[in-house]
Structure formats: C-alpha cells, structure tokens
2 protein chains.
Amino acid sequence: MDTKKKVSLAVIRRLPRYFRYLSDLLQMDITRISSKELSARMGITASQIRQDLNCFGGFGQQGYGYNVESLYKEISNILGLNNDYTTIIIGAGHMGQALANYGNFEKRGYKLIGIFDVNPELVGRKIKDIEISHMDTLEDFIKNNKVDIAMLSVPFEQTRCVADKVAGLGIKGLWNFSPMDLKISYDVVIENVHLSDSLMVLGYKINEKLKESKQQKTIKTSKHSK
Amino acid sequence: MDTKKKVSLAVIRRLPRYFRYLSDLLQMDITRISSKELSARMGITASQIRQDLNCFGGFGQQGYGYNVESLYKEISNILGLNNDYTTIIIGAGHMGQALANYGNFEKRGYKLIGIFDVNPELVGRKIKDIEISHMDTLEDFIKNNKVDIAMLSVPFEQTRCVADKVAGLGIKGLWNFSPMDLKISYDVVIENVHLSDSLMVLGYKINEKLKESKQQKTIKTSKHSK
DNA sequence: ATACTCTTGTTATTTTATTGTCAATATTGC
DNA sequence: GCAATATTGACAATAAAATAACAAGAGTAT
C-alpha cells in the first residue's frame, strides 16, 4: 500500500529551481553532478538537496552523484511538465498580452489555445496566431475543448466572478494575477501570483538596509553613547 | 540599545497580505478587528497574526482588538510604503509594458520615472507619459536622478549584465523577472519573480490532484486488493 | 462601581524544516 | 583486483516556525 506521506510545499517550491539549474548544466554538457557541487552552485546545503530529492526516490548513486539528464527528466515528470497542459488567458490587457507573448511556457508544455476579453477593441486581434475571443464565447469554448489551466489577468473586481465561472466549467487550475487570495469551493487548484506583494517585500528589504546603514553611521559618529 | 532580533522573511512575506486585508476592511468602513476575526477571514491562526504583528510592536489593545486604520498605517510604514520610491523599467517588451501600465504600484508610492530599451522601434514611444529611452542613456539618467528600484524585464541572456551595471550605479533594489537567481556582490537588494516557477508549481498541484483521483477510482473499483 | 467578557502580548509546546552525521556502497586510480 | 576516495540515503540532531495556553488588562453591561 502506498503510504508515502505528502511532500511539503516548501520542497515543491524548490523543484523548479532544481529544474532550472539542471537545465543549465545540461546546456553546459555536464553529465553528472554531486549534491555537494550543486549545493555550491545553488547556495543551499547538500543535505537539503539530497533530502528534497529523496522525497521522490533515490535518483543518485553512491560515489558518483546524480546523472544530470536523468535527474532533469525525473523532475520534469514530478512537476508534470510532460503532461501537455492546455491553457487559456482570460483578460487580454497588458498583463494578459505579456503572458501570451511569453514563449517559455510553451517550451515547458503549456500550450496556449485561447485568449478572452470583453473589450470589443481587443476582440478579433491576434496574438501569436491566436485570435482574442469575446468572453461570451468562453463557456462554449471550454465545453468544446479540454482546457486545463486558466490564466486570470482580469481587473480585480471581476476576478472572483470569472474564477467561479471557469471553476464551474471544470478547469483544473487557476493562475491568478489579481491581488486577492482566490479561494474556490470547487475542485480547482489555485496558484496566486501577487506582484504587488513581491514589490512591497522589496521595499521592505530596501527600507531595512537603509535603517541599518543609518544605524551604522550613528554608531560611528556617537562614540560617547554607551 | 536596540537589541530586537531580525524578523524572519516568513513573517515579512505575510505583511503585504495583512496590508491587503486591512485595506479591504478600511473600504468596508470597519474600524476595529480582533485577531480572531481576521484569522477567520484570512484563513490563518489568530495566534500567528498576533505573533507576527508583535514582531514590530504592540499595536493592539486587550479587550478591543486592533484599530484597522492605525494598523494599516503601521504596516504601511513597516513595508516602507511611505518612502516614495522611484523606479525605472529596463526592458520595454511585453512584460515591461505590462509593468509600466500597472497602476497599483504608483498608488503604493512606487513612482515610475524612466523606461529603457535597446530596440529602436520602441525608443521614443510613450507609455503613461513616459518616453522610452535608449539603454545608452541609462547611465547618465541614473547619475542625474535618484533611482531606487530597477525593474528588470530584459531577455534572460542580458539580465546578469544589466543587473551588474545598474548595481554599480548605486541602485538600491532590483526586481528581477528573469528565470535566474540573481546574485549581486554590490550592496543591492534583490527580489526575484519567477513566473515559470509559479506555473510549474501549479502544474505539480494539478498533477497531484489527478493522481489522487485516479487512486480513488482504483480503490473503489478493486475491492479485492488488500 | 462591579462582575463578567473579550482580547491582547507573551511564554510554552508542538510541529515542521533544515542541517549534520555516518554506514553502506559505487567509483577511481594504481 | 585492491585500497583509497567519493557520495548517497537514512536517520539523528538542531533550528525555525506555527500553534496553543494563559495571565493581565481593557471594554462592556448592568
């Protein structure tokens, strides 16, 4: 009986990083890598790498390390990159267009098959050979095509409504770009991308650094304080 | 002597979320909130909320809870949202344009003052009253203007080079959209946004869910297995 | 004013994540 | 082929994060 316990999200979120580094190694024609060497490149401990990988199976070999290509493939599989997911973009504004034009997703097996918007100025225009359709046609489209993932780049106010709609139509995953924590009752997986949150964290870090350097100066100039 | 120990990044990354929820509460004219109620809204424990906030000071009051407006302001301050950071965008491709057109950043005190690209087709065009300048003018621009943050949306291959350049010119923070872990020796703070990583995690989650439901079916149909 | 309720800030506990250690075993060099 | 070296996977130890517990104090109702 399969009693392997659920792998923590912390580990999962590191997998794409491993994937990227392995991809780089492949490009450099490096065929084998030890956890120690990878650890040096990635700036994390070798122990963590071995432990992470062992959540999914013993991909390495004692005295040798890991074979780059096969580890790469293993991680691809774990991430489901060979599943050939189909995607649609809902909201063809600037962010939606940026997503549509970003080629890397296709390369990883995410095939864009539809773009939708309510704006009549946008409907009919083409992005990468895909014509932007009106939102009214969304329901029929999803019913007639297998759509795995919807990328949501609609205005904040419409996000919840659109999300509920596509969730009800049987979409498997939502990639949400609105600054809200989408929660859906349906059986849909959600990944939120909160750009503003990320920018705020950057702001915080800068702020901290500034405070630090100010404190440094204070310490240097006021030698009389205890 | 200020001996408060560094607040963990895990806490910091939750601050923008608190900020968002408080912002919502303000809009709903809710003036006070208890950790318990906020916990119910956010789906995290009340204990965590209290502990997080207490990293920065006792903003609450026993028997009352937290005053929404003043907590909102406190968190704004912690995040440095009142610092009026200036930003530039390097790389005016689709993602750069999306960033330039995203109004929320301005609202939070991030003022866009320059956009740069190498493409002569783009140079001279205006986005939101800001003319796209050629990369050759970047150095002078940074020397003549206080630029806090550079948003990097240049092609993968050029990212490292551009990052090093602006870091050397005294920029405080980098917001990196390339799928690489930027590391800079200079005194620059970096926040990476890895969209592909996020999409891969979504793929993983979908994959997991699929496997789960398949397993469910197996269990249901094969009652003879032990 | 008094009793009772609510809710914080803090400390204790539990859980989760990371790091360190080491026996087992494959590889490498001679 | 044998000794020396390298490196994993498993597990133990440590560190960090999340949760629970609770005393103390403020708010509320009567």
Side-chain angles (χ1 to χ4, degrees), chain A residues 3-18 21-22 25 30-75 78 181 201 204, chain B residues 3-18 21-22 25 30-75 78 181 197 201 204 208:
Chain A
T3 50
K4 64 166 180 271
K5 74 166 190 290
K6 209 161 175 285
V7 179
S8 84
L9 196 60
V11 175
I12 304 305
R13 292 212 176 274
R14 280 194 292 269
L15 290 180
R17 266 194 91 212
Y18 292 129
Y21 277 86
L22 288 166
L25 290 171
I30 294 170
T31 55
R32 58 181 272 192
I33 187 104
S34 68
S35 59
K36 192 181 165 192
E37 201 184 322
L38 190 56
S39 110
R41 284 175 188 269
M42 297 185 65
I44 56 178
T45 62
S47 195
Q48 179 161 70
I49 293 172
R50 292 205 299 276
Q51 186 123 322
D52 282 355
L53 297 179
N54 262 77
C55 294
F56 304 97
F59 303 135
Q61 203 162 13
Q62 289 156 328
Y64 175 89
Y66 299 84
N67 178 280
V68 174
E69 193 177 351
S70 74
L71 185 55
Y72 175 87
K73 283 180 183 164
E74 291 284 0
I75 293 182
I78 296 164
D181 304 316
V201 171
Y204 174 88
Chain B
T3 49
K4 64 166 181 270
K5 75 167 190 289
K6 207 161 175 288
V7 179
S8 84
L9 195 60
V11 175
I12 304 305
R13 291 212 177 275
R14 280 194 292 269
L15 290 180
R17 267 193 91 212
Y18 292 129
Y21 278 85
L22 288 166
L25 290 171
I30 293 170
T31 55
R32 58 182 271 193
I33 187 105
S34 68
S35 60
K36 192 181 166 192
E37 202 184 322
L38 190 56
S39 109
R41 285 176 187 268
M42 297 185 65
I44 56 177
T45 62
S47 195
Q48 180 162 67
I49 293 172
R50 293 204 297 277
Q51 196 148 36
D52 282 356
L53 297 179
N54 262 77
C55 295
F56 304 97
F59 302 137
Q61 204 162 13
Q62 288 157 326
Y64 175 88
Y66 299 85
N67 177 281
V68 175
E69 193 176 352
S70 74
L71 185 55
Y72 174 86
K73 283 180 183 165
E74 290 285 0
I75 292 181
I78 295 164
D181 304 317
D197 286 20
V201 171
Y204 173 87
E208 277 306 283

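When reading the values below, keep in mind they use all heavy atoms of this one structure, side chains included, and skip hydrogens, waters and symmetry mates.
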Asker: Whole Å only: how far is the CG atom of A/Asp52 from the P atom of D/dG9?
Answerer: 12 Å
Asker: Identify all side-chain donor-acceptor contacts of residues 40-48 of chain A below 3.5 Å with residues at least two apart in sequence or on another chain.
Answerer:
| unit_1 | atom_1 | unit_2 | atom_2 | d |
| --- | --- | --- | --- | --- |
| A/Thr45 | OG1 | A/Gln48 | N | 3.1 |

Asker: Could you tell me which non-hydrogen atom of B/Val68 sits nearest to which non-hydrogen atom of B/Leu22, and how far apart they are?
Answerer: CG1-O, 3.8 Å
Asker: So, using salt bridge (Lys or Arg N to Asp or Glu O under 4.0 Å) as the criterion, who are the partners of B/Arg32 when residues are at least two apart?
Answerer: none
Asker: Taking CZ from B/Arg14 and C1' from D/dT19, how many angstroms apart are they, rounded to a whole number?
Answerer: 12 Å
Asker: Closest nucleotide of DNA chain C for A/Leu9 versus for B/Gly57: which of these residues is on the 5' side?
Answerer: B/Gly57
Asker: Ignoring backbone atoms, test whether A/Ser35 places a side-chain nitrogen or oxygen under 4.0 Å from the OP1 or OP2 oxygen of D/dT8.
Answerer: yes
Asker: Given atom NZ of A/Lys36 and atom C1' of D/dT8, what is their separation to the nearest angstrom?
Answerer: 14 Å
Asker: Can you measure B/Lys6 atom NZ to D/dA17 atom P for me and round it to whole angstrom units?
Answerer: 11 Å
Asker: With A/Tyr204, which residues qualify under side-chain hydrogen bond (donor to acceptor under 3.5 Å, both in side chains), at least two apart?
Answerer: none
Asker: Below the 4.0 Å mark, does D/dA10 have OP1 or OP2 next to a side-chain nitrogen or oxygen of A/Asn54?
Answerer: yes
Asker: Tell me, please, the opening and closing nucleotides of DNA chain C, 5' to 3', among those with an atom under 4.0 angstrom from a non-hydrogen atom of chain A.
Answerer: C/dA17 to C/dT28
Asker: For B/Glu208, what residues pass the side-chain hydrogen bond (donor to acceptor under 3.5 Å, both in side chains) criterion, not counting sequence neighbours?
Answerer: B/Lys211
Asker: Going by ring-ring contact (aromatic ring centres under 6.0 Å, His included), name the pairs with one or both residues in residues 34-73 of chain A, residues two or more places apart or in two chains.
Answerer: A/Phe19-A/Tyr72
Asker: Taking five pairs at each end of the helix from C/dA1-D/dT30 to C/dC30-D/dG1, what angle separates the two helix axes (nearest 10°)?
Answerer: 30°
Asker: Give, for atom CG of B/Leu71 and atom OH of B/Tyr18, the distance between the pair rounded to the nearest 0.5 Å.
Answerer: 10.0 Å
Asker: To the nearest 0.5 Å, what is the distance between CD1 on A/Ile78 and CG on A/Leu53?
Answerer: 7.5 Å
Asker: For each nucleotide in nucleotides 20-30 of chain D, reading 5' to 3', give B when a protein heavy atom comes within less than 4.0 Å of its base, S when such contact involves only the sugar-phosphate, and - otherwise.
Answerer: BBB-BBBSS--
Asker: Considering residues at least two apart in sequence or located in another chain, which fulfil the side chain to side chain contact (heavy atoms under 4.5 Å, CB included) criterion with B/Glu69?
Answerer: B/Leu26, B/Asn67, B/Lys73
Asker: Which residues satisfy the side-chain hydrogen bond (donor to acceptor under 3.5 Å, both in side chains) test with B/Asn54, sequence neighbours excluded?
Answerer: none
Asker: Applying salt bridge (Lys or Arg N to Asp or Glu O under 4.0 Å) as the test, list every pair that has at least one member in residues 47-63 of chain B; sequence neighbours left out.
Answerer: B/Arg14-B/Asp52
